[in-house]
J.: 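Attaching a single structure in structure tokens format; questions to follow.
Note on naming: letters A, B, ... go to the chains in the order of the sequence lines (proteins, then strands), and numbering restarts at 1 for each one.
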Protein chains: 4
Amino acid sequence: MKAEPPAADKGSGAGRPRDPRIDAAILRATAELLVEIGYTNLTMAAVAERAGTTKTALYRRWSSKAELVHEAAFPATPSAIETPPGDFGSDLRAMIEVTRDVFVTPVVRAALPGLVADMTADADLAGRVAARFGDVIVALRVRLDEAIKRGEVRSGVEPERLVDLIGGATLLAVLQSPEDLISGDWVDGITEILVRGVSAP
Amino acid sequence: MKAEPPAADKGSGAGRPRDPRIDAAILRATAELLVEIGYTNLTMAAVAERAGTTKTALYRRWSSKAELVHEAAFPATPSAIETPPGDFGSDLRAMIEVTRDVFVTPVVRAALPGLVADMTADADLAGRVAARFGDVIVALRVRLDEAIKRGEVRSGVEPERLVDLIGGATLLAVLQSPEDLISGDWVDGITEILVRGVSAP
Amino acid sequence: MKAEPPAADKGSGAGRPRDPRIDAAILRATAELLVEIGYTNLTMAAVAERAGTTKTALYRRWSSKAELVHEAAFPATPSAIETPPGDFGSDLRAMIEVTRDVFVTPVVRAALPGLVADMTADADLAGRVAARFGDVIVALRVRLDEAIKRGEVRSGVEPERLVDLIGGATLLAVLQSPEDLISGDWVDGITEILVRGVSAP
Amino acid sequence: MKAEPPAADKGSGAGRPRDPRIDAAILRATAELLVEIGYTNLTMAAVAERAGTTKTALYRRWSSKAELVHEAAFPATPSAIETPPGDFGSDLRAMIEVTRDVFVTPVVRAALPGLVADMTADADLAGRVAARFGDVIVALRVRLDEAIKRGEVRSGVEPERLVDLIGGATLLAVLQSPEDLISGDWVDGITEILVRGVSAP
DNA sequence: ATTTAAACGAGACGGTACGTCTGGTCTTGTA
DNA sequence: TACAAGACCAGACGTACCGTCTCGTTTAAAT
């Protein structure tokens, strides 16, 4: 359950408006603390204190620690793919890089494990997190279809499996050895396997 | 910090020995509760009660909830690959199935998310969990090398990437849509992409 | 260390004020439980439960079990002596009766032994308990001085010794045979010895 | 419940006899720790460790912490009164000094408060502690009777009240301001009041 | 000389209270 | 209405201590 909309439903006008500087301060404080002490050790009280506000103000905006962290970790939708559509190899590589770039962020790295845990206990949250990546997945599906039409990719490939492989490999790598991810070699290796794996014979 | 070894180092003889039935009862209770109420809701006190013992007895054996769950979830090393080595396609498929079978267990599914969260905050624990899968990874490496020597697999393929892809895809799938995993289709799709991805041209 | 003052120092205004009904409920529950199960068996959790609140609320107000019991046992300063000053014999008897009445209370009887034990380990607490009886002692001193001036009492008598004798005898009697205390005989015997003991020859 | 007798009941002979050095070491360790850290902080495990033995050996000899402390604090019966009977004033003063001397011991001072607390919860223990002082009380009674016969003391005086006053005053003083007790002035003051208090007119 | 019963060290065990911490809600007074 | 402050409920946390028990070993007295 979200608690967010300040002026959303209807009688927006009445009462004292929320101070947007507080929103920003809370998100900043959350991100900082995530990196400094990790998800588990992060406390709502600590966030409030560092943001120079109080717990009440947090819960007015986010209904739980998980929601707050989720928003602090993914400030904006990873903006799909900006590369102009070319051959599928380039498309795939771009997509892997986008994924990698998101996961490699210190904040995301700090937030992910805890978020993963909370998601399994809270389906709503899980949905919202998944939605963040929806655009990328849709884009992948579109370009995959085009590549199949062009004959570049064999027709049996299911996009869901590709998502599992790209997302999963990135997730696992960031959990185990994040430093590997940064080098281009990691992207090269994954890309090569996957491109060959889906190419038409 | 582990708390485990009762008679490990050497000066074993003295004192009342631990009752192994208690070890078993604790692990069983932990596994049951994991499945029933999940990692987050699982309480040391509840485990103790169901196991017919006390918190003290738990903490004498495992230094934290994370350690206990880790041991309850992976009672035994996933026993590497038992398939007789054949062509690399079969090897890879067997490996994927082994991985899938481990992750698909109700206990592991219940334990994983929380474990993932705790691992990032506790490097020791992370190491111990990773070690559980060491054998499988070594086996993969060996068979990959043989396949390269036989000319089945191109020489540039790094085994670490394959591990990232197999483990990661399984992890992500089990977190998002565990029911997909059970069907053979999921294994088929992943296997086909990866086998083609690493095969010599 | 006390934890008490909610609005003590000065910056009182802010925040939700403590609910005074909770203070009262806690003290009442403590007194009841003291009488029912005794100091040793009294548990902070049990007090909280009976008071219809939580341990947190207790510890916000009293820093330890000893502090709480101390306050529950001596809700108000034993209100000095109300008898109009007469001859010193009456004064002394009144004082002994006041002391006896305080110690004979079921709550005090239940609390005393544990309190005595804790006081030696905690000088602060000891001071606070002693302060409860400060008024009575001051009153005794004043009336003793007056009696000396009137020639009723010999001049060498130290009030501290009288306090030791009255308080000590009452304490010991309540610990050993509380039923003796209730009868007027006990007060008679003690009074007679002490009055004769301090009277001018 | 005591646990003591090693060779008491009948079949004394058999088995390994207790090592008397362990008895001594335990009592010494208990006395030391009482003075150093007090009754409440004293731990059976700590006693065992300092005595160079184990908890089992303690519980073989004493059934509880209270019993052990009781024996460590009062190693020998306060040996009644050794003064040759003279006038009752001297008798009383001797008795007060004996009482004072026992209570002023560092070990007794450290043990008393806790013991007092445990005694109220354990009637057996209370009886045993009281018995320690039985001889002194009997002696007091005898000499009081003699003094009454001699016409030194008025006949109405009850010995129990005198015990309350002497014991109580000493107990209270040792709890509140032990340093006062050491000076002869304290004994003088108490003695004078009590002697005058009981003397025949 | 052999049995035997008990003391011994070590430490696990059940049980229970402690005081602390956190998440999330509710209630003040003030702006 | 938002806000700062902080009390509130609920309940898990990990630690500590008590007194009991179960080992395997040692030691003296009884056979």
J.: Hey, does the side chain of C/Arg60 reach the backbone of C/Arg18 with a donor-acceptor pair shorter than 3.5 angstrom?
T.: no
J.: Between atom OH in C/Tyr59 and atom P in F/dA7, what is the gap in whole Å?
T.: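 After rounding, the reported distance stands at 17 Å.
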J.: Which whole-number value in Å describes the distance from C/Leu68 CG to E/dG19 C1'?
T.: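 That distance rounds to 14 Å.
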J.: Heavy-atom nearest nucleotide on DNA chain E for D/Pro20 versus B/Pro17: which residue maps closer to 5'?
T.: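 The answer here is D/Pro20.
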J.: Separation of C/Arg16 atom CZ from F/dA7 atom P, in whole Å?
T.: 10 Å
J.: Verify the contact: side-chain N or O of C/Arg21 to OP1 or OP2 of F/dC8, cut-off strictly under 4.0 Å; return yes or no.
T.: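 C/Arg21 to F/dC8 OP1/OP2: no side-chain N or O under 4.0 Å.
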J.: So, is B/Arg18 close to the E/dA10 phosphate, meaning a side-chain N or O under 4.0 Å from OP1 or OP2?
T.: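 Answer no for this pair, as no side-chain N or O of B/Arg18 is under 4.0 Å from OP1 or OP2.
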J.: Could you report the tightest heavy-atom contact between A/Phe74 and A/Val129, atom names first, then the distance?
T.: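 Scanning both residues completely, I find the closest heavy atoms to be CE1-CG1, 4.5 Å.
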J.: Please report, rounded to the nearest Å, how far the P atom of E/dA17 is from the CG atom of C/Leu58.
T.: 14 Å
J.: Out of E/dC8, F/dC13, F/dA7, which has the shortest distance to the side chain of D/Ile22?
T.: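 Of the options given, the side chain of D/Ile22 lies nearest E/dC8.
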J.: So what does B/Thr56 hit on the nucleic acid, given a heavy-atom distance under 4.0 Å: a base, only sugar-phosphate, or nothing?
T.: base
J.: Does a side-chain N or O of D/Arg60 approach OP1 or OP2 of E/dC8 to a distance below 4.0 Å, or not?
T.: yes
J.: Starting at the 5' end of DNA chain F and moving along, which residue's nearest nucleotide shows up first, D/Asn41 or C/Thr53?
T.: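 In this pair, the answer is C/Thr53.
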J.: Quick one: label C/Lys65 by what it contacts on the DNA or RNA (base, sugar-phosphate, nothing), any heavy atom closer than 4.0 Å.
T.: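 Contact class for C/Lys65: sugar-phosphate only.
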J.: Can you measure A/Asp19 atom CG to E/dA31 atom P for me and round it to whole angstrom units?
T.: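 My rounded result for the distance is 16 Å.
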J.: For the side chain of D/Thr43, counting heavy atoms from C-beta on, which of E/dG24, E/dG11, F/dC17 is nearest?
T.: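 Nearest to the side chain of D/Thr43 among the choices is F/dC17.
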J.: Roughly, in whole Å, what's the span from CE in D/Met44 to P in E/dA12?
T.: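 About 19 Å, once rounded to whole Å.
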J.: Would you classify A/Leu42 as touching base, sugar-phosphate or nothing, given that sugar-phosphate means primed atoms plus P, OP1 and OP2, and contacts are heavy atoms under 4.0 Å?
T.: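 The residue A/Leu42 makes sugar-phosphate contact but no base contact.
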J.: Is a side-chain N or O of B/Thr43 found less than 3.5 angstrom from the main chain of B/Ala46, in a donor-acceptor match?
T.: no
J.: In whole Å, I'd like the distance from the NZ atom of B/Lys55 to the C1' atom of F/dA12.
T.: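 It is 7 Å, rounded to the nearest whole Å.
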J.: Where do B/Arg50 and B/Glu36 land on the salt bridge (Lys or Arg N to Asp or Glu O under 4.0 Å) test, with the steps shown first?
T.: CA-CA 12 Å; B/Arg50 175 165 305 200; B/Glu36 291 173 23; 2.8 Å; yes
J.: Describe the nucleic acid contact of A/Thr54 in one word from base, sugar-phosphate, nothing, applying a heavy-atom distance below 4.0 Å.
T.: base
J.: Side chain of B/Lys65, backbone of B/Leu42: donor and acceptor closer than 3.5 Å?
T.: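 Flag set: sc B/Lys65 to bb B/Leu42 pair under 3.5 Å.
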J.: Given atom CD of A/Glu49 and atom C1' of F/dA5, what is their separation to the nearest angstrom?
T.: 13 Å
